[in-house]
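Written out below as structure tokens is the structure these notes cover.
Indexing begins at 1, ligand by ligand and atom by atom, following the structure's order.
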Amino acid sequence: MMDAPDEKEVAVTMEFARHPHPSPIAEERRREILVNPGFGQHFTDHMVSIDWTRASGEAAAVSSAPHSGGEWHDARLEPFGPLTLSPAAAVFHYAQEIFEGLKAYRHDDGSVWTFRPQANAARLNRSARRLALPELPEEVFLEALRVLVSTDQSWVPDGDGQSLYLRPFMIATEEFLGVRPANEVGFKVIASPAGNYFGGELKPVSIWVSRELARAGHGGTGAAKFGGNYAASLAAQLEASAHGCDQVLFLDPVRDNAVEELGGMNVFFVFADGSLVTPELTGTILEGVTRSSVLQLGRDRGMNVSERTITVEEWREGVASGEITEVFACGTAAVITPIGTLVDGEDSFTSPAVDPTTSVALDIRRELLDLQTGHGDDRHGWLYRLV
Ligand SMILES: *Cc1c(COP(=O)(O)O)cnc(C)c1O
């Protein structure tokens with residue numbers, strides 16, 4: 001069936017069965033939560049689930065053709081709640097899983113939009129290929145977001161800096177302890193109202209340089225949005241905390257300690273000569289949607305934009321000489337956050353303080369937020385209506 005020439009149409013018309021929550025969270029409680037939702041602490045009433053089963057007789061091999069050798073089925077909207085999985089489900093043992101993260105924003109007229117979801121769908125499939133998971137057609141990914149957000153639209157907050165964070169993920173659900181790509185997989189989307197990630201204030205984050213521990217290696221999974229990369233970053237994050245820092249910076253020891261990224265955010269440098277620089281994608285860096293948007297907005301404003309190697313040494317010297325005027329981190333959750341002090345063993349130095357009247361980081365941040373909340377000029381067609 002899925003190999004038929006009209007397979008795309010089959011995907012487009014995938015029907016979602018609807019199993020509404022019998023006792024959703026009371027409106028009063030929901031309103032209370034939405035006043036100050038924090039990040040990732042509260043969840044909406046529903047989730048979307050779609051299962052995948054490898055066609056019987058198919059070899060458990062990674063296929064280059066989208067979802068060949070298997071079928072997505074049983075798409076459904078159901079109450080948010082605990083999953084029932086075998087303790088032998090592959091995801092618990094071999095970490096075969098991937099995820100995405102994007103936000104839905106309420107516009108002034110009450111409509112709900114998200115930002116470049118096609119980029120997330122494409123990245124999910126790149127991650128899927130790396131983790132030997134099945135690809136999900138983009139139309140199904142988008143429909144899953146629409147089904148969930150339209151059902152739980154009362155959970156989309158409208159306060160300043162607020163949004164509904166959407167977390168699609170895919171896990172190997174098959175009960176099997178042998179090591180091979182699972183024959184049964186689940187794709188789910190859950191949603192969580194979000195306030196300002198770092199508490200609203202744009203206080204510069206302090207950074208600990210991880211010289212011993214890496215989150216990713218060459219040929220590894222660093223470019224995939226894979227939970228294992230996060231697990232690998234946690235010990236370094238503990239080190240950062242022990243040294244009084246907010247976040248950890250990972251380097252590439254193979255390339256002269258080139259700057260890679262933070263545990264979950266990409267890094268940018270603003271130079272006095274109008275250049276905007278971010279580390280190039282080498283396979284150990286996650287290609288952020290925010291990163292690519294910032295690159296485009298930089299180009300739009302006539303900055304000299306480049307993706308290139310930048311080392312901690314260049315960073316230190318650039319700050320000392322005044323050539324580097326701003327350093328910031330970016331990602332969906334926190335949007336753009338200035339980077340302040342960098343602690344590198346015994347050494348430490350501080351990137352210039354943010355001057356709100358001249359800051360490129362704050363300006364791009366404002367531009368991005370305006371766009372996402374429907375107050376900007378969507379010249380690149382980045383907005384996508386969900387409700
Ligand atoms: C998700 C993620 C980012 C940011 O990506 P966005 O698409 O901008 O949210 C950066 N680094 C890592 C390791 C990530 O997992």
Glu175 atom CD: more than 12 heavy-atom contacts under 6.0 Å: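 No, because the 6.0 Å sphere around CD of Glu175 holds 12 heavy atoms or fewer from other groups.
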Of the choices Lys103, Glu261, Arg291, which has the non-hydrogen atom that lies closest to atom 12 (C) of ligand 1?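 Of the listed residues, Glu261 has the closest heavy atom.
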When you measure from atom 15 (O) of ligand 1 to each heavy atom in Phe250, Phe99, Tyr230, which option holds the nearest one? Tyr230
Distance-only side-chain donor-acceptor flag, Trp113 / Ser111, under 3.5 Å: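 Side-chain D/A pair, Trp113 to Ser111: present.
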Could you list the atoms of ligand 1 found under 4.0 angstrom from a heavy atom of Gly288?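 Going through ligand 1 atom by atom, the ones under 4.0 Å from Gly288 are 5 (O), 6 (P), 7 (O), 8 (O).
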Is there a nitrogen or oxygen of Arg215 sitting under 3.5 Å from a nitrogen or oxygen of ligand 1? no
Electrostatic pair Arg215-Glu260, nearest N-O below 4.0 angstrom: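 Result for this pair is no, no salt bridge flagged.
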Of all the heavy atoms in [X], does at least one lie under 4.0 Å from an atom in ligand 1?
X	answer
Gly101	no
Asn229	no
Arg123	yes
Glu287	no
Ala119	no

Within the 4.0 Å heavy-atom cut-off, what Met265 brings close to ligand 1 is backbone
Using a 4.0 Å heavy-atom cut-off, which part of Leu286 comes near ligand 1: side chain, backbone, both, or neither? side chain
